[in-house]
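I have placed the structure first, in the form of structure tokens, so that the comments after it can refer back to it.
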Amino acid sequence: MTIQAAVRSLPVSLVSTVTGADVRSVERWRTGTEPRRSEFVNRLDDLVAILDLLGPSMTNKGKQAWLTSRSGYLGMGRPLDLLAKGDFDRVAG
């Protein structure tokens, strides 16, 4: 999955939370503008990797639910909050 496909497949607010970018930036990314700051690119790469791990058989709504739901495997944290903190390895595990 590409960064642009990931940005288009999830709600703007969710992508904004994961990346730390404001909603307007995410809306620009959805139209094809490339993110400029490396921290946004890195967080988007992490998000794409997680979406790829979840696989093509999971719907976008299912992926959204997984990202926003608390997980006992993550100490009752939400995957999107951990990704926003840069804790990719814990989420991927």
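Position 1 is the first residue of the sequence; numbering continues from there.
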Please check if the side chain of D52 supplies one atom and the backbone of M1 the other of a donor-acceptor pair under 3.5 Å. yes
Side chain S25, main chain A21, donor-acceptor under 3.5 Å: no
Check whether any side-chain heavy atom of L51 lies under 4.5 Å from a side-chain heavy atom of L10, and answer yes or no. yes
Rounded to the nearest 0.5 Å, what separation is found between the CG atom of D46 and the CG atom of L82? 12.0 Å
S9 versus K63: any side-chain heavy-atom pair under 4.5 Å? no
Under a 4.5 Å cut-off applied to non-hydrogen side-chain atoms, are V26 and D22 in contact? no
Is any side-chain heavy atom of R43 less than 4.5 Å from a side-chain heavy atom of L83? no
Is the side chain of R78 donor-acceptor paired with the backbone N or O of R70 at a distance under 3.5 Å, no angle test? no
Polar side-chain atom of S16 near backbone of V12 as donor-acceptor pair, under 3.5 Å: no
Under 3.5 Å donor-acceptor, S69 side chain and W66 backbone: no
Do L67 and V91 have side chains that approach each other closer than 4.5 Å (heavy atoms only, starting at C-beta)? no
So CD of E34 and CH2 of W29: to nearest 0.5 Å the spacing works out to 10.5 Å
Can you name the nearest heavy-atom pair linking G20 to F40, along with the distance? C-CE2, 3.9 Å
What's the separation between atom CG in N60 and atom CZ in R8, rounded to the nearest 0.5 Å? 13.0 Å
Nearest heavy-atom contact between R28 and T31 is O-OG1, 2.7 Å
Could you pull out the closest heavy-atom pair between R30 and V7, with the gap in Å? CG-CG1, 3.2 Å
Side chains of I50 and F88: does their closest heavy-atom pair fall under 4.5 Å? yes
Is it true that M76 and Y73 fall in one hydrophobic cluster, defined by side-chain heavy atoms closer than 4.5 Å? no
Does S13 offer a backbone N or O that forms a donor-acceptor pair with the side chain of T17 under 3.5 Å? yes
Could you give the distance from CG (L54) to OG1 (T59), rounded to the nearest 0.5 Å? 10.5 Å
To the nearest 0.5 Å, what is the distance between OG (S71) and CG (D81)? 12.0 Å
